[in-house]
Number of protein chains: 2
Amino acid sequence: MTAYDAAQISAAFEELVRLYRRLSPAGGLSATAAATLSSLDRRGPARLTELAVQEGVSQPAMTQLITRLQDAGLAKKAADPADGRVVLVHITDAGRAELSHRRAVRTTRLAALLERLPANDQEALTAALPAVAELSRKAGKASEPERSTA
Amino acid sequence: MTAYDAAQISAAFEELVRLYRRLSPAGGLSATAAATLSSLDRRGPARLTELAVQEGVSQPAMTQLITRLQDAGLAKKAADPADGRVVLVHITDAGRAELSHRRAVRTTRLAALLERLPANDQEALTAALPAVAELSRKAGKASEPERSTA
DNA sequence: TATTGTTATACTCTATAACTATA
DNA sequence: TATAGTTATAGAGTATAACAATA
């Protein structure tokens with residue numbers, strides 16, 4: 001893995017993010033809102049501070065974002081019985097439905113593009129999936145060091 | 001390429017976009033500003049309306065974004081000699097330098113993660129680069145961009 | 001005292017509507 | 001009339017600072 005390879009992969013990221021934005025459905029949720037909701041769906045309930053760090057926004061911004069999600073019925077706040085200062089944020093069924101809808105739209109649009117790729121390109125993308133998962137996992141560990149017993 | 005494969009690749013996109021956001025330098029430019037500047041760099045001068053459509057924002061929003069970029073010295077507006085109504089937007093040397101800096105930061109951070117991946121994962125990512133380029137090319141040829149949140 | 005979260009205030013970025021200038 | 005862009009106004013989303021409540 002040379003520095004050149006890293007630069008190439010980084011450039012490919014730029015392309016993919018641009019493509020992702022084009023494939024994503026319009027309306028409703030901001031980028032941070034969608035990412036936060038997705039995190040609540042994948043990882044389960046979380047504290048406000050935790051979510052703020054995760055998404056790279058300030059604590060007040062996350063307070064307000066969660067308030068908006070709650071007003072929209074997509075998330076809800078609950079008290080932590082063990083610590084009165086803590087707010088635990090949960091995704092709601094409506095939140096899951098919204099996420100699911102957005103993913104379905106994106107996937108449908110992406111599938112239409114993938115179909116038009118040569119077979120070897122399709123295979124290369126599929127073959128890279130475990131590497132992406134591992135990369136994401138390592139990045140997650142980097143900025144959220146503890147909390148893992150392993 | 002099954003529907004399941006498409007869904008998996010779509011999910012991997014979600015992970016990559018999250019990772020990209022975390023790797024990107026915080027200061028200065030908004031996501032749209034960075035994307036617009038990058039487009040001006042890659043594709044050359046463009047009209048305001050063209051840029052607005054490309055980035056999925058309104059025309060007034062693009063007017064203001066370009067004004068901000070111009071105030072920051074990163075882009076400049078020029079008249080189109082062929083049509084008095086048209087404004088052609090150019091990137092400046094300072095704009096290119098800013099882009100270059102942002103890419104360097106992102107690449108450095110990404111390289112640190114890539115180094116810690118097993119060799120076969122590194123190879124799978126490198127092997128997927130041509131497929132990403134092709135995917136991006138096909139998407140570019142497809143219809144107009146959607147408004148992008150999520 | 002330290003941690004968790006909220007409130008107050010201001011700034012950036014965006015959209016829609018109404019406008020000006022050119023074709 | 002149609003097109004390219006700007007100005008006016010309002011709202012969403014964000015940050016920093018100051019605050020309240022709990023540990």
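Keep in mind it's a predicted model, so treat the numbers as computed, not measured. Protein chains get the first letters and strands the later ones, always in sequence-line order, with residue 1 at the start of each.
Put simply, B:Lys77 has no side-chain N or O that comes within less than 4.0 Å of OP1 or OP2 on D:dA4. Between A:Ser30 and D:dA12 there is no side-chain polar atom (N or O) within less than 4.0 angstrom of OP1 or OP2. Distances shorter than 4.0 Å separate none of the side-chain N or O atoms of A:Arg68 from OP1 or OP2 on D:dG11. For C:dT6, the OP1/OP2 oxygens have a side-chain nitrogen or oxygen of A:Thr63 closer than 4.0 Å.
Looking at the side chain of B:Pro60, the nearest of the listed nucleotides C:dG5, D:dT7, D:dG5 is D:dT7. Here the side chain of B:Ala61 is nearest to one of D:dA4, C:dT14, C:dG5, namely C:dT14. In the set C:dT6, C:dT22, D:dA23, C:dT22 carries the atom at the smallest distance from any side-chain atom of B:Asp83. Of the candidates D:dG5, C:dG5, C:dT7, C:dG5 carries the atom nearest the A:Leu48 side chain, counting heavy atoms from C-beta on. Nearest nucleotide to the side chain of A:Arg85, out of D:dA23, D:dG5, C:dT22: D:dA23. Closest to the side chain of A:Val86, out of C:dA15, C:dT4, D:dT6, is C:dT4.
One can place CD of B:Gln64 at 9 Å from C1' of D:dT7, the figure rounded to the nearest angstrom. Atom CG of A:Leu51 is separated from atom P of C:dT6 by 12 Å (rounded to the nearest Å). Taking atom CG of A:Asp80 as the reference point, atom P of D:dT22 lies 13 Å away to the nearest angstrom. In this structure, A:Leu65 atom CG and D:dA12 atom P are separated by 14 Å, rounded to whole Å. Note: CG (A:Leu88) to P (C:dT4) measures 12 Å, nearest angstrom. What separates CG of A:Leu69 from P of D:dG13 is a distance of 9 Å, to the nearest Å. Atom CD1 in B:Ile66 sits roughly 14 Å away from atom P in D:dT7 (whole-Å rounding). The separation between B:Glu55 atom CD and C:dC13 atom P is 14 Å, rounded to whole Å.
One N or O on the side chain of A:Gln122 and one on the backbone of A:Leu117 form a donor-acceptor pair closer than 3.5 Å. A donor-acceptor pair is defined here as one N or O able to donate and one able to accept, closer than 3.5 Å; no such pair exists between the side chain of B:Ser136 and the backbone of B:Val132.
A:Lys77 is listed as a side-chain neighbour of A:Ile66, based on a closest heavy-atom distance under 4.5 Å.
Connection of A:Leu23 to A:Leu129 is established within a shared hydrophobic cluster, with ILVMFWY side chains joined at heavy-atom distances below 4.5 Å, either directly or through further cluster members.
Each of A:Met62 and B:Met62 has a nearest nucleotide on DNA chain D; the 5'-most of these lies closest to B:Met62.
Among the protein residues, B:Thr49 comes within range of the sugar-phosphate backbone only, with heavy atoms under 4.0 Å from sugar or phosphate atoms but none that close to a base.
Using a 4.0 Å cut-off between charged side-chain N and carboxylate O, A:Lys138 and B:Asp121 make no salt bridge.
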